[in-house]
Q: 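This is the structure, below, for whatever I ask next.
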Amino acid sequence: MTDETTTKEGARDSASGLDFIRSAIVEDTAASRFDGRVVTRFPPEPNGYLHIGHAKAICLDFGVAAEHEGGRCHLRFDDTNPDNESLEFVEAIKEDVRWLGFDWGDHLYFASDYYAQLFEYAVRLIRKGSAYICDLTPEEFKTYRGVPTRPGKESPSRNRAIDENLDLFNRMRAGEFEDGAYVLRAKIDMESPNLHLRDPTLYRIKRAHHYRTGDEWCIYPMYDFTHGQSDSIEGVTHSLCTTEFEVHRPLYDWLLEQLEIYRPRQIEFAPLNLEYTVLSKRLLIPLIKEGHVSGWDDPRMSTLRGIRRRGFTPEALRDFCERVGIAKVAAVTDVALLEHCVRDHLNAVAPRRMAVLNPVRVVIENYPEGESETFEAVNNPEDETAGTRQVAFSRDLYIERDDFQEEPHKKFYRLAPGREVRLRYACYITCTDVIKDESGEVVELRCTFDPESRGGGTSDGRKVRGTVHWVSAAHAKEVEVRMYDRLFDVPDPLGELDGDFRKHLNPDSFKSVTGHVESALGDAEPGERFQFERLGYFCVDTVDSTAGNPIFNRTVTLRDSWSKIKGKGKG
RNA sequence: UGCCCGAUGGUGUAACGGUAGCACAACUGACUCUGAAUCAGUCAGUCUAGGUUCAAAUCCUAGUCGGGCAACCA
């Protein structure tokens with residue numbers, strides 16, 4: 001059954017620029033449907049951790065509510081299957097939603113709190129003759145249901161007398177039957193082309209300890225018999241979910257109509273898909289079990305915990321969700337968009353530091369041995385209030401191995417024999433000699449510095465094209481730096497012909513290196529984020545760091561147009 | 001093969017019968033003590049075929065392609 005609240009589905013927006021869901025809600029409000037109220041809900045099942053796909057739903061649910069005067073969004077745990085649900089997940093989910101920046105206020109709910117009401121609703125349906133107790137075995141059930149191309153058959157139990165149904169249902173609840181002996185089914189239409197309308201299961205017998213209701217119940221309602229009614233009980237106006245539930249909508253509407261209770265409007269949108277990763281729990285679990293990642297919070301995981309540990313900010317994630325938009329087409333989002341969002345935020349707020357991750361030694365021959373001085377460095381050129389700091393300089397330094405080429409590519413303008421570059425915030429140096437070991441590998445660069453250039457420039461206006469970062473060997477602190485990259489090496493690990501996403505794990509998704517960093521970084525606190533100049537954004541790992549020994553996780557590299565030039569043609 | 005939903009640059013989206021726009025990516029150039037950031041610019045799109053209309057991305061029909069649906073999961 002549809003009425004005017006649902007027939008407008010797919011209609012064009014009336015408010016320009018809004019996505020189709022926001023437009024529909026604006027229309028509903030303007031037409032005073034739901035008395036002009038806007039109430040949404042985010043309904044996770046507490047049986048796992050939230051991932052970035054959930055972030056899209058959270059931003060939509062809470063975002064929409066916040067856009068309307070008096071609007072609110074409920075956090076409701078859809079906990080009707082005791083099997084893998086736990087308080088631990090409830091807490092983890094609450095933490096993730098809060099971290100993302102949303103607040104449900106007093107509106108924390110649990111479907112398990114509605115069990116008594118749901119039972120009463122079921123009785124009401126039975127009394128009406130709209131539901132019956134079925135004793136088909138699971139195998140028979142499957143046979144009777146039919147397949148998409150063939151109609152189903154009615155169960156022999158379908159015409160059981162109402163009194164008998166009532167009696168059996170009460171005895172199911174009382175625990176008189178074994179698990180699986182009976183189920184409560186809605187009496188709809190076994191020939192419906194929509195499988196969900198072929199007398200769907202409403203309640204099953206399941207002796208399992210529930211993390212909230214304990215052993216109070218041995219029958220549990222199914223999703224379809226819980227979700228809509230919970231929305232109804234809470235006065236939700238717009239029940240937003242992903243397109244997989246589109247075929248459930250007729251059932252959602254049917255049940256509420258049969259029960260003659262308040263009916264919210266369900267609207268579906270396409271779930272998020274992201275290149276180079278997988279998002280479903282089903283796919284995430286084997287990654288952990290098989291040891292491809294360290295756990296749910298591995299910085300390469302698409303879980304909110306993983307992403308957070310990697311160093312992403314809630315601001316960046318919210319910005320990302322906003323830019324991705326809401327539509328009904330199945331879409332795969334370019335990871336470059338996500339990366340752009342973090343860089344954009346971190347560029348504005350992350351203090352800059354110098355760190356050399358793949359060092360080559362530099363000796364400034366005309367700088368006195370045993371001496372040192374400090375140079376002033378800007379903490380964040382994007383934020384004057386971030387101030388400056390002092391960085392120690394001495395005769396022995398480290399620079400990045402990539403910042404030197406013995407036979408420079410024609411577009412390479414960093415250090416090379418005889419060439420002058422600037423050491424960021426310090427001075428100009430010229431490479432005078434290259435020292436190699438027996439295998440021919442460069443082990444040391446002999447250089448001279450121009451004392452005139454102290455502070456980073458000279459009065460003669462001489463142009464120095466390259467500027468490289470550095471650290472003083474004696475002053476630098478050695479720290480572990482974890483270099484993370486995308487978990488898979490193909491954009492669509494599931495779409496590959498062979499079908500096994502494991503074959504497309506990126507062998508270089510994680511590499512631990514020893515970095516030489518400015519000494520002050522030794523005191524960095526877990527969770528602190530920095531830009532390592534010319535390299536990328538890094539954050540202090542919240543799990544493995546210890547006092548005075550921070551471990552840095554690479555969140556994302558800086559954009560690197562040099563790597564593109566280098567990749568193109570040989571110089 | 002049944003039913004439902006959808007289709008706009010490389011990617012994600014806007015345009016509600018009247019100028020196809022925005023963002024990301026890519027590419028040029030400017031600037032630069034981060035080959036970053038910033039700034040200026042360029043490239044690039046309405047799935048196909050019919051129909052309705054003065055006018056179609058938009059409405060209709062068919063086709064093609066993509067997604068979803070056959071737990072006593074959610």
Side-chain angles (χ1 to χ4, degrees), chain A residues 9-19 23 43-45 47 78-81 83-84 134 136-138 141-142 145-152 179-180 182-185 192-196 198 201-206 219-220 222-224 226-227 241-250 268 270-271 275 281 323-341 343-344 347-348 352 354 377-378 381-382 411-414 422-426 455-457 464-469 491 531-536 557-566:
Chain A
E9 207 70 338
R12 298 276 160 173
D13 308 345
S14 58
S16 184
L18 294 182
D19 60 67
S23 301
E45 183 187 12
N47 68 348
D78 232 335
D79 52 357
T80 58
N81 182 359
D83 282 350
N84 301 302
C134 183
L136 251 29
T137 65
F141 187 102
K142 200 176 167 185
R145 186 184 43 225
V147 292
T149 52
R150 290 254 164 273
D179 286 14
Y182 294 99
V183 294
L184 177 71
R185 301 177 72 175
S192 172
N194 182 342
L195 285 293
H196 297 278
R198 320 245 263 227
T201 303
L202 268 23
Y203 264 92
R204 76 280 211 185
I205 303 173
K206 189 186 192 79
I219 58 172
Y220 291 94
M222 302 290 292
Y223 164 84
D224 285 307
T226 306
H227 201 90
C241 59
T242 51
T243 49
E244 59 178 315
F245 293 101
E246 210 160 1
V247 285
H248 291 246
R249 193 172 67 226
E268 311 84 15
E275 285 180 342
K281 208 178 301 164
R323 290 177 192 246
V324 163
I326 300 292
K328 289 192 78 164
V329 227
V332 183
T333 300
D334 193 335
V335 271
L337 182 63
L338 214 211
E339 293 176 347
H340 171 264
C341 293
R343 289 189 185 113
D344 196 43
N347 176 51
R352 316 285 126 124
M354 290 196 282
V378 173
E382 305 288 325
K411 289 194 174 163
F412 183 81
Y413 52 76
R414 277 114 85 153
R422 172 170 30 234
L423 292 180
R424 180 111 163 120
Y425 295 124
V464 174
R465 184 75 200 269
T467 296
V468 303
H469 61 276
Q531 181 197 100
F532 286 174
E533 295 225 21
R534 305 205 309 132
L535 296 175
T557 62
L558 250 31
R559 284 188 64 193
D560 183 7
S561 52
W562 161 241
S563 68
K564 291 174 193 163
I565 296 167
K566 192 173 54 174

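Chain letters run A, B, ... following the sequence lines, proteins first, then strands; residues in each count from 1. Note that the coordinates shown come from a computational prediction; the quantities given were computed from them, not determined experimentally.
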Q: Can you tell me, in whole Å, how much space there is between the C1' of U58(B) and that of U46(B)?
A: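 The answer is 10 Å between these two C1' atoms.
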Q: Among A14(B), A26(B), A71(B), which is the nearest nucleotide to the side chain of Met222(A)?
A: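 Nearest nucleotide to the side chain: A71(B).
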Q: Mind checking the C1' distance from G9(B) to G45(B)? Whole angstroms is fine.
A: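 That atom pair is separated by 4 Å.
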Q: Please classify the nucleic acid contact of Arg352(A) as base, sugar-phosphate, or nothing, using heavy-atom distances under 4.0 Å.
A: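 The residue Arg352(A) makes base contact.
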Q: How far does the C1' atom of C65(B) sit from the matching atom of U8(B), given to the nearest Å?
A: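 Per the computed distance, 15 Å lies between those C1' atoms.
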Q: For a quick check of understanding: with a heavy-atom distance under 4.0 Å over all strands, which category does Arg150(A) fall into, base, sugar-phosphate or nothing?
A: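 Nothing, no nucleic acid heavy atom in range.
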Q: Taking O4'-C1'-N9-C4 for purines and O4'-C1'-N1-C2 for pyrimidines, is A23(B) syn (within 90° of 0) or anti?
A: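 What A23(B) shows is an anti base, its glycosidic angle lying more than 90° from 0.
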Q: Looking only at heavy atoms, which two atoms of Phe141(A) and Val183(A) are closest? And how far apart?
A: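 In terms of heavy atoms, the two residues are closest at CE1-CG2, 4.4 Å.
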Q: Which part of the nucleic acid, if any, lies within contact of Leu338(A), taking any heavy atom under 4.0 Å across all strands shown: a base, the sugar-phosphate backbone alone, or nothing?
A: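 Result for Leu338(A) = nothing.
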Q: Expressed in whole Å, how much space separates the P atoms belonging to C59(B) and U38(B)?
A: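 Straight-line distance between the two P atoms is 38 Å.
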Q: With P as the reference atom in both, quote the distance from A25(B) to U11(B) in angstrom, rounded to an integer.
A: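 The same atom, P, in both gives a distance of 15 Å.
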Q: Would you measure the distance from the P atom in A26(B) across to the matching atom in A62(B) and give it in whole Å?
A: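 Nearest-Å result for A26(B) against A62(B) at atom P: 43 Å.
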Q: For the C1' atoms, the ones on U61(B) and on G67(B), what distance do you get once it is rounded to whole angstrom?
A: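 Nearest-Å result for U61(B) against G67(B) at atom C1': 23 Å.
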Q: Closest-nucleotide mapping onto RNA chain B: is Asp83(A) or Asn347(A) further toward the 5' terminus? I mean the 5' end.
A: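 Its nucleotide being nearer the 5' end, the pick is Asn347(A).
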Q: Using a heavy-atom cut-off of 4.0 Å across all strands, would you classify Phe532(A) as base, sugar-phosphate, or nothing?
A: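 Nothing: the residue Phe532(A), judged by heavy atoms under 4.0 Å, touches no strand.
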Q: Counting side-chain heavy atoms from CB outward, which of A36(B), C5(B), A25(B) is closest to Ala336(A)?
A: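 Nearest to the side chain of Ala336(A) among the choices is A25(B).
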Q: Look at Arg204(A) and A74(B) and indicate whether a side-chain polar atom (N or O) is within less than 4.0 Å of OP1 or OP2.
A: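 Result: yes.
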Q: For a quick test of reading the model, state the closest non-hydrogen atom pair linking Asp334(A) to Glu275(A) and the distance between them.
A: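 Smallest interatomic distance, heavy atoms only, reads OD1-OE1, 3.2 Å.
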Q: Tell me which nucleotide among G68(B), G6(B), A36(B) gets nearest to the side chain of Glu244(A).
A: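 Nearest nucleotide to the side chain: G68(B).
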Q: Using a heavy-atom cut-off of 4.0 Å across all strands, would you classify Thr80(A) as base, sugar-phosphate, or nothing?
A: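 Thr80(A): backbone/sugar contact only, no base atoms under 4.0 Å.
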Q: Give Leu423(A) one of three labels, base, sugar-phosphate or nothing, depending on what nucleic acid heavy atoms sit under 4.0 Å from its own.
A: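 Contact class for Leu423(A): none.
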Q: Which nucleotide in the set A74(B), C73(B), A70(B) lies at the smallest distance from any side-chain heavy atom of Leu195(A)?
A: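 Out of A74(B), C73(B), A70(B), the nucleotide with an atom closest to Leu195(A)'s side chain is A70(B).
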Q: Given A74(B), G12(B), A71(B), which nucleotide is nearest the side-chain atoms of Glu45(A)?
A: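 Given the options A74(B), G12(B), A71(B), the side chain of Glu45(A) is closest to A74(B).
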Q: Among the candidates C5(B), A74(B), A70(B), find the nucleotide nearest to the side-chain atoms of Lys328(A).
A: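 Nearest listed nucleotide: C5(B).
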Q: Measure the NZ-CD distance between Lys281(A) and Glu45(A) for me, rounded to the nearest 0.5 Å.
A: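 Spacing of NZ (Lys281(A)) from CD (Glu45(A)) equals 6.0 Å.
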Q: With sugar-phosphate meaning primed atoms plus P, OP1 and OP2, does Arg422(A) contact a base, only sugar-phosphate, or nothing at under 4.0 Å between heavy atoms?
A: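 Answer is base: heavy atoms of Arg422(A) come under 4.0 Å of a base.
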Q: May Trp562(A) be described as stacking on the base of G35(B), applying a 5.5 Å centroid limit and a 30° limit on plane angle?
A: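 One would call Trp562(A) stacked on the G35(B) base.
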Q: Base, sugar-phosphate alone, or nothing: which one does Arg424(A) contact when heavy atoms must sit under 4.0 Å apart?
A: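 If one applies the 4.0 Å heavy-atom cut-off, Arg424(A) turns out to touch a base.
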Q: When we call it a touch if two heavy atoms are under 4.0 Å apart, what does Val324(A) touch: a base, just sugar-phosphate, or nothing?
A: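 Since only primed, P, OP1 and OP2 atoms lie under 4.0 Å of Val324(A), the category is sugar-phosphate.
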Q: Between A25(B), C73(B), U13(B), which one does the side chain of His340(A) approach most closely?
A: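 Among the listed nucleotides, the one closest to the side chain of His340(A) is A25(B).
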Q: Select one nucleotide: of U38(B), A23(B), G2(B), the one nearest the side-chain heavy atoms of Pro193(A).
A: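 For Pro193(A), the side-chain atoms sit closest to G2(B).
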Q: Roughly how far apart, to the nearest Å, are C43(B) and U28(B) at atom C1'?
A: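 Between the two C1' atoms, the distance is 10 Å.
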Q: What nucleotide among G12(B), U34(B), C5(B) has an atom nearest to a side-chain atom of Leu558(A)?
A: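 Nucleotide nearest to Leu558(A)'s side chain: U34(B).
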